[in-house]
Each structure stands twice: as C-alpha cells, then as structure tokens.
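Below is one structure, written out as structure tokens; comments come after it.
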Amino acid sequence: MTAEKRALLLVGSPRGIGHSTSDRLGSIVLDALKSRDVDTEKLHVHAAMDSPTALESALAAIGAADTVILSLPLYVDSFPAPVIAFLERIVQQRIGAGRARVFVIIQCGFPEKEQNATALAIAERFAAEAGWSWLGGVGLGAAEWQHKDVALALAPLAEAIANGTAVPQPVLRRAMPAWLYRFGGNVMWRLAARKHHATRSLRARPYDS
Amino acid sequence: MDALVLDGSRGAECRDALAALHRALAEAGYTTEVIPLRERTIAPCRGCFGCWVKTAGECVIDDEGRQVARAIARCDLLVYLTPVTFGGVSFELKKVLDRMIPNISPFFARVRGETHHQRRYRKTPRVIGLGILSQPDREAERVFKTLVERNGLNLRTPCTAAAVVTPESDLGATASALVKAVA
C-alpha cells in the first residue's frame with residue numbers, strides 16, 4: 001500500500017460526524033487504514049445533501065478516493081433517505097465507476113445483527129449499479145453496548161480493505177441476550193421520557209380517528 | 001375502506017401503474033387517496049427519537065410529514081408505489097417511511113423470534129408494495145419483495161404483498177392480484 005491510496009468514510013447518520021455510532025464504527029476502520037499509510041477523509045452525507053456546493057464538493061472527494069467506507073444506521077430496513085439520494089447521484093454521474101471499492105457497516109437498534117441483511121443487499125445492489133467493487137459489508141446489532149468488542153472485531157478488517165480483497169466477516173458475539181436488550185431498552189425509554197416530563201404520554205395515540 | 005397510495009416517483013415513471021392501482025382499488029371497494037410525495041415538503045428524519053420520548057407519537061419536525069403520518073395511521077391499506085432503487089424504495093418514499101416511526105411504540109417486543117417495536121395504534125394498515133423497474137432484474141425484485149415484507153414486520157401490519165413490474169408487465173393483472181392478496 002502506498003501513500004497515494006485514499007479512503008473516504010461516508011457517515012450516513014443524521015447525527016453526523018462526532019455525534020453518531022456510525023461515525024464511531026466507521027472511524028475504527030478508517031483509523032486502521034490510516035495506520036497502513038492510507039490517506040483518509042470523512043464526509044457527512046446529510047451535510048453534503050444540504051446544498052449544491054456541498055454536494056459537488058462531496059462528489060469530488062468520492063471521485064478522488066479509491067476506497068469508500070459507508071457507515072450508517074438501519075432505518076426501516078434500509079438506509080436513511082438522504083443516503084439513497086446521495087448514492088443515486090453517484091450512479092447518475094458514474095463517479096468512481098470501474099475503479100472505486102466499497103465496504104459497508106450497518107448497525108441496527110435491535111440485538112439481532114441479521115436484521116441488517118436487507119439493507120446490506122441494497123448496498124450490494126448500489127455497488128453493482130455504480131460499477132464499484134463490492135468488498136463486503138458487516139451488520140451489527142446493539143453495537144452501542146459493546147464498544148471494545150466491536151473495535152477489536154472491526155480494526156483487523158482494514159488489511160483486506162486496504163488490499164482491495166473480499167473482507168471476511170468479523171467474529172463478534174452478541175452483546176447480550178435479546179430478552180435483556182428488550183427489558184433494558186424498555187426501561188431506557190421510560191427514563192428518557194421522564195427527562196422531558198413525557199412518561200405518561202409514551203403510549204399516546206394522537207392520530208386515533 | 002380507505003387506501004392511501006404513497007407515490008414515490010420523481011416524475012411520470014409510475015403514472016400507468018398508478019392508474020392500474022386506482023382501478024383495482026376502486027373495484028375492490030376502496031376510497032383512494034394518492035399523495036405525490038415529490039410535491040410535499042418533508043424533511044428527513046433527524047434520528048432524535050423526540051417523537052417517542054418528547055412529543056407523544058408526533059414528529060418534532062412541524063412539516064407535511066406529520067400529515068402523512070396521520071393519514072397512514074388512519075388508513076386501512078397503505079400502498080408503496082416507487083421506482084425500485086438499488087432493490088429498495090426511492091428517496092421520495094423513504095423520506096416518509098423514515099418519518100413513520102412516531103406511529104409505532106418505542107417499547108420492544110418479541111415478534112417471530114426477533115426484536116421489534118410494539119404497536120402504538122390498535123389498528124395498523126395492510127401494506128402493498130408496487131415497484132417499477134425499467135427492465136427485469138431478478139435480484140432487485142427479490143430484495144424489493146423482502147424489504148416490503150420486513151417493513152410489514154417492523155410496522156406490525158397484518159399482511160403485506162409486493163410485486164415488481166417492467167414495461168412489459170400486465171399492470172392491471174398485477175394491481176388486481178396485489179389488492180386481492182391483502183383482502
């Protein structure tokens with residue numbers, strides 16, 4: 001790997017860079033690539049979609065990268081909407097076609113990583129339509145509950161990503177039993193609502209006809 | 001019975017399919033409302049969960065997304081009409097689907113062996129997905145049908161049906177079959 005290699009992390013969470021699990025997970029891989037003498041850069045997809053100037057700049061950055069890490073949260077079994085619009089622009093303008101490679105990280109708010117399968121299939125369809133090499137993808141469940149384990153599992157993937165070869169699936173045990181996740185999550189929602197004095201309205205039905 | 005068609009097209013690419021859906025829904029006795037999403041001002045979801053823990057089942061963003069969420073909560077049949085985009089739905093449709101989370105509860109439940117959210121409303125609409133492709137693509141079709149089925153599971157709908165059509169498809173027969181499948 002030489003210094004001319006360039007990797008770009010696309011953060012597909014509305015919470016953006018510095019505030020999202022998507023950034024944290026993608027940065028594990030990006031930092032591991034950096035330690036392998038790869039030039040790295042980060043972009044926030046939602047910010048890129050905010051203005052034509054930001055979009056043009058983001059698409060130029062993608063055009064200059066040979067490896068793209070797309071890291072995003074699972075939204076209704078797929079990508080957050082602005083990510084779809086952004087990827088459509090890449091395909092329309094043939095950016096990176098026949099040259100770029102992509103690796104995808106998707107994390108869901110459920111303990112079962114298998115729930116990311118449909119979104120990973122959509123990501124692979126994007127790669128095919130964009131003419132990008134598909135390095136693979138990883139789906140994570142409850143990643144916010146196992147920071148250390150996820151870091152240990154994701155960082156070694158950088159070697160295959162840097163070499164442009166198929167990325168093996170990381171070995172990662174489930175953060176906790178699913179029943180415990182559901183129980184803890186339900187407690188957490190009540191505590192979060194209490195902060196806003198909204199505990200009594202957690203089950204409100206404002207649109208009942 | 002009320003049907004709500006979310007038209008996720010950017011232009012006229014879904015026009016013929018929409019006409020076929022209209023006929024099939026009318027024949028089955030539905031009163032149909034169509035929302036052309038490209039004409040609506042609907043901001044993307046912020047991922048703040050305010051709709052769950054602050055504002056009691058209503059998105060914190062005060063735009064037309066709230067009206068669509070209300071219409072979805074009240075309809076009997078929800079129809080996704082969309083160009084198939086990477087095997088999934090279009091940006092126009094997805095911006096609304098992302099804004100539908102106020103309509104489900106934050107609380108978790110075990111559903112078919114997986115973790116999902118509980119219903120917020122007693123009644124949830126059945127869901128039809130009709131995807132438009134410019135040419136046959138078996139993998140895109142498989143992903144699209146799986147996506148609609150998975151959405152149904154997450155939105156806790158009683159049943160779903162999905163199909164993908166190309167310019168060579170019999171739109172009338174496909175639309176009728178979809179409506180019958182969720183009857």
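What you are looking at is a predicted structure, and each value in this text was computed from that prediction instead of being measured.
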CD/Glu159(A): more than 12 non-hydrogen atoms of other groups inside 6.0 Å
no
When rounded to the nearest 0.5 angstrom, what distance separates CG in Leu153(B) from CG in Asp77(A)?
8.0 Å
Can you say whether Ala109(B) sits under 4.5 Å from chain A via the side chain, the backbone, both, or neither, judging by heavy atoms?
backbone
Most heavy-atom pairs under 4.5 Å with chain A, out of Gly87(B), Gly57(B), Pro106(B), Ala140(B), belong to Pro106(B)
Quick one: which of Arg142(B), Arg46(B), Arg110(B) has the most heavy-atom pairs under 4.5 Å with chain A, could you say?
Arg110(B)
Side-chain donor or acceptor of Lys94(B) paired with backbone N/O of Tyr75(A) under 3.5 Å:
yes
Taking side chain as C-beta onward, heavy atoms only, is Arg190(A) less than 4.5 Å from Phe107(B)?
yes
Do you know which of Glu92(B), Met100(B), Arg10(B) has the most heavy-atom pairs with chain A at a distance under 4.5 angstrom?
Arg10(B)
Within the supplied structure, the quantity of interest is the number of heavy atoms (other residues, nucleotides, ligands) at a distance under 6.0 Å from Trp134(A) CH2; does it exceed 12?
yes
Check for a donor-acceptor pair, side chain of Arg120(B) on one end and backbone N or O of Ala204(A) on the other, with a separation under 3.5 Å.
yes
Is Ala56(B) in contact with chain A via its backbone, its side chain, both, or neither, using a 4.5 Å heavy-atom distance?
both
Minimal heavy-atom distance between Leu202(A) and Trp52(B), with the atoms involved, is CD2-O, 3.2 Å
Once rounded to the nearest 0.5 Å, what's the spacing between atom CD1 of Ile84(A) and atom OG1 of Thr85(B)?
7.0 Å
Tightest non-hydrogen contact, residues Ser78(A) and Leu147(B), listed as CB-CD1, 4.3 Å
Select one option (side chain, backbone, both, neither) describing which atoms of Gln118(B) are under 4.5 Å from chain A's heavy atoms.
side chain
Heavy atoms of other groups near Glu144(A) CD, more than 12 under 6.0 Å:
yes
When rounded to the nearest 0.5 Å, the distance separating NE2 of His116(B) from CZ of Arg182(A) is 10.0 Å
Check Ala178(A) against Thr115(B) and note the closest heavy-atom contact, atom names and distance.
CB-OG1, 4.1 Å
When you look at CD of Glu149(B), are more than 12 heavy atoms from neighbouring residues, nucleotides or ligands closer to it than 6.0 Å?
no
Please rank Val89(B), Asp137(B), Leu155(B) by heavy-atom pairs under 4.5 Å with chain A and give me the top one.
Asp137(B)
Are more than 12 heavy atoms, taken from residues, nucleotides or ligands other than Lys42(A), located less than 6.0 Å from that residue's NZ atom?
yes
Over 60° means perpendicular and under 30° means parallel, so classify the ring planes of Phe49(B) and Trp189(A), tilted if in between.
perpendicular
In terms of heavy-atom pairs under 4.5 Å with chain B, which of Val83(A), Thr118(A), Asn186(A) leads?
Asn186(A)
Heavy-atom closest pair (Asp208(A) atom, Arg122(B) atom, distance to 0.1 Å) is OD2-NH1, 3.8 Å
State the CE-CZ distance between Met188(A) and Phe108(B), to the nearest 0.5 angstrom.
6.5 Å
Phe86(B) and Leu87(A) have their tightest heavy-atom pair at CE1-CB, 3.7 Å
Given that the side chain runs from C-beta out, which part of Arg119(B) has a heavy atom under 4.5 Å from chain A: side chain, backbone, both or neither?
neither
Just wondering, do Glu88(A) and Phe91(B) contact through their side chains at under 4.5 Å, heavy atoms?
yes
The side chain to side chain donor-acceptor pair (under 3.5 Å) partner of Tyr207(A) among Arg70(B), Arg66(B), Glu58(B) is Glu58(B)
Phe79(A) versus chain B, heavy atoms under 4.5 Å apart: side chain, backbone, both or neither?
backbone
Rounded distance (nearest 0.5 Å) linking atom CG of Leu74(A) with atom CZ of Arg150(B):
9.0 Å
Heavy-atom nearest pair, Val143(B) first then Ala121(A), reads CG2-CB, 3.9 Å
Would you find a donor on one side and an acceptor on the other, under 3.5 Å apart, between the side chain of Asn151(B) and the backbone of Val76(A)?
yes
Before you tell me yes or no, could you show the steps for Asn154(B) and Gln115(A) under side-chain contact (heavy atoms from CB on, under 4.5 Å), namely the whole-Å CA-CA distance, both residues' side-chain angles and the distance that decides it to 0.1 Å?
CA-CA 10 Å; Asn154(B) 276 316; Gln115(A) 296 211 36; 4.3 Å; yes
With no hydrogens and no angle check, is any side-chain donor or acceptor of Arg15(A) less than 3.5 Å from a backbone partner on Gly47(B)?
yes
Option that, when pairs with chain A are counted at under 4.5 Å, heavy atom only, ranks first among Glu139(B), His117(B), Glu114(B), Lys123(B):
Glu114(B)
Should we count NE2 of His19(A) as having more than 12 external heavy atoms under 6.0 Å?
no
